[in-house]
Amino acid sequence: MRNGLEPWHLLILAVVVIAVFGLKRLPDTARALGKSMRILKSEARAMKDESMP
């Protein structure tokens, strides 16, 4: 594996995601993913702050 993700990999990934979720559910799915990532980030930050004296 040379470079990991190349532009055509992302294109194939986008086509697969659209095929799986459909165009109507895609915005809701992206919104839910973003919300989950924000929660994960805040929880990780809270755990890091708790471990520091």
Side-chain angles (χ1 to χ4, degrees):
M1 232 166 140
R2 289 187 338 231
N3 287 337
L5 286 178
E6 293 186 14
W8 65 274
H9 288 123
L10 297 176
L11 179 64
I12 293 172
L13 182 64
V15 169
V16 169
V17 167
I18 289 171
V20 169
F21 292 110
L23 288 175
K24 289 188 177 216
R25 289 187 45 200
L26 200 56
D28 294 333
T29 304
R31 211 172 290 118
L33 180 63
K35 186 176 179 181
S36 298
M37 291 301 291
R38 283 191 298 273
I39 291 170
L40 178 65
K41 194 176 189 180
S42 68
E43 291 295 325
R45 190 176 300 130
M47 287 178 61
K48 182 178 176 185
D49 291 342
E50 284 179 2
S51 66
M52 293 184 130

**Student:** Partners of Arg45 by side-chain hydrogen bond (donor to acceptor under 3.5 Å, both in side chains), sequence neighbours excluded?
**Tutor:**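 With neighbours one apart ignored, the set is empty.
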
**Student:** Following the transitive rule for hydrophobic clusters with a side-chain heavy-atom cut-off under 4.5 Å over Ile, Leu, Val, Met, Phe, Trp and Tyr, establish whether Leu10 and Val17 coincide in one cluster.
**Tutor:**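 Different clusters: Leu10 never reaches Val17 through Ile, Leu, Val, Met, Phe, Trp or Tyr contacts under 4.5 Å.
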
**Student:** Hey, is Arg31 close enough to Asp28 for a salt bridge, meaning N to O under 4.0 Å?
**Tutor:**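 So Arg31 pairs with Asp28 through a salt bridge.
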
**Student:** I'd like to know if Leu26 and Val16 are part of one continuous hydrophobic network [Ile/Leu/Val/Met/Phe/Trp/Tyr, side-chain heavy atoms within less than 4.5 Å].
**Tutor:**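 Per the 4.5 Å side-chain linkage, Val16 and Leu26 are co-clustered.
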
**Student:** If two hydrophobic side chains count as joined below 4.5 Å and joins carry through other members, does Val20 share a cluster with Ile18?
**Tutor:**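 As far as the 4.5 Å side-chain criterion goes, Ile18 and Val20 are connected within one cluster.
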
**Student:** Please report the interatomic distance CZ(Arg38) to CG(Leu40), rounded to the nearest 0.5 Å.
**Tutor:**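 Here the rounded value is 12.0 Å.
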
